[in-house]
2 protein chains.
Amino acid sequence: MTRQRRAVESALAQAEGFCSAQDLHAQLRDAGERVGLATVYAQLRQLTEQGRVDVVRSDAGEALYRQCGEGEHHHHLRCRQCGHVDELHAPAVETWAQEIGVSSGYTALSHSLEVTGLCPNCA
Amino acid sequence: MTRQRRAVESALAQAEGFCSAQDLHAQLRDAGERVGLATVYAQLRQLTEQGRVDVVRSDAGEALYRQCGEGEHHHHLRCRQCGHVDELHAPAVETWAQEIGVSSGYTALSHSLEVTGLCPNCA
DNA sequence: TTTCTAAATTGTAACCGTTCTCATTATGGG
DNA sequence: CCCATAATGAGAACGGTTACAATTTAGAAA
Ligand SMILES: [Mn+2]
Ligand SMILES: [Mn+2]
Ligand SMILES: [Zn+2]
Ligand SMILES: [Zn+2]
């Protein structure tokens, strides 16, 4: 448990929606914390492996990270304009995805689902 | 309608699953067609704008393209091992995604959904 | 057919996010 | 404290993508 690790976790904690590794790095720099970009990436990889953060790919292909409430599986409702994210739970979709895969003979199933739109503020 | 345009479309047509821009470029080169990589990207951008191809992001962040049967909206069941892709139609998910967005005050809704697993051949 | 112009093509360089390298630094158990 | 071990981080390398400008081409007009 290093100073840098704490710094990255705290930066993630106070971030509103999803943000990129470089966003976090800049945020830390602005806050006076000196943390290497490589370290930010390393911490994010670890946190991701531990299931402590969600990762999504932006349309531009950039990885975006967000501290994740629970370790449990869920999906996102994201505003294309401001990046605001709500978490969704969708039991019906979970079972649908599972069944459709099984019925095609697939195993080791998983799935990803994201709903996007314009939030009330941005509409 | 140039020779290169025809070549890219034909390469896409005879590709089985999704493939990257660089895959297509290599495939064309092997087939004796001389087409610049920049042109392949340009054609794929156009085809995407026209809705003639699907684009998905690999976990590595690479863009993968596939000629799309219909212009209609659909989703994918993809094998993580061999890349094989089946197209899915899921009316129940469509309405669910729409309703969940509306109920949070969102507009201009869209969504993406992909189911992944190991296909019978790869299991 | 020949001419002409706007559009397409393409090699190359730049771009950008990410990963790698490895010398340096820090951690924490004994 | 000491030291083995792990983390850090500046910079280079990497890989996919895009920008650019020079060249070529398509296709319409003469
Ligand atoms: Mn989440
Ligand atoms: Mn498709
Ligand atoms: Zn918004
Ligand atoms: Zn397979």
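Values in this document were obtained by computation on a predicted structure and should not be read as measured data. In what follows, chains are A, B, ... by sequence order, proteins preceding strands, each numbered from 1.
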Quick one: [X] [atom1] to [N] [atom2], roughly how many Å, whole number?
X       : N      : atom1 : atom2 : result
B:His25 : D:dG16 : NE2   : P     : 13 Å
A:Arg34 : C:dA26 : CZ    : C1'   : 14 Å
B:Gln46 : D:dT17 : CD    : C1'   : 17 Å
B:Leu37 : C:dA14 : CG    : C1'   : 14 Å
B:Leu44 : C:dA8  : CG    : C1'   : 15 Å
B:Arg29 : C:dT10 : CZ    : P     : 10 Å
B:Glu49 : D:dT18 : CD    : P     : 11 Å
B:Leu24 : C:dT10 : CG    : C1'   : 17 Å

Would you find more than 12 non-hydrogen atoms of other residues, nucleotides or ligands less than 6.0 Å from A:Arg3 atom CZ?
-> yes

Does a sphere of radius 6.0 Å around CZ in B:Arg29 hold more than 12 heavy atoms from other residues, nucleotides or ligands, not counting ones at 6.0 Å or beyond?
-> no

To the nearest 0.5 Å, atom NE2 of A:His76 lies from atom CD of A:Glu114 at 7.5 Å

Would you indicate what B:Ala63 reaches in the nucleic acid, counting non-hydrogen atoms under 4.0 angstrom: base, sugar-phosphate, or nothing?
-> sugar-phosphate

Can you tell me if [X] touches the phosphate of [N], counting only side-chain N or O atoms and a distance under 4.0 Å to OP1 or OP2?
X       : N      : result
A:Thr39 : D:dG9  : yes
B:Gln43 : C:dA8  : no
A:Tyr41 : C:dT19 : no

[Y] backbone acceptor or donor facing [X] side chain under 3.5 Å:
X       : Y       : answer
B:Ser58 : B:Ala60 : yes
A:Arg57 : B:Asp59 : yes
A:Thr48 : A:Leu44 : yes

Flag the pair B:His75 / B:His111 as yes when their ring centroid distance falls below 6.0 Å, and as no otherwise.
-> yes

Detail all sub-3.5 Å separations between protein N/O atoms and N/O atoms belonging to nucleotides 13-15 of chain D.
none

If we only count heavy atoms from C-beta on, is the B:Gln14 to B:Gln27 side-chain gap below 4.5 Å?
-> yes

Polar atom pairs (N or O), protein with nucleotides 19-28 of chain D, under 3.5 Å:
unit_1, atom_1, unit_2, atom_2, d
D:dG27, OP1, B:Met1, N, 3.4

Salt bridge check: are A:Glu33 and A:Arg6 linked by an N-O gap of less than 4.0 Å?
-> no

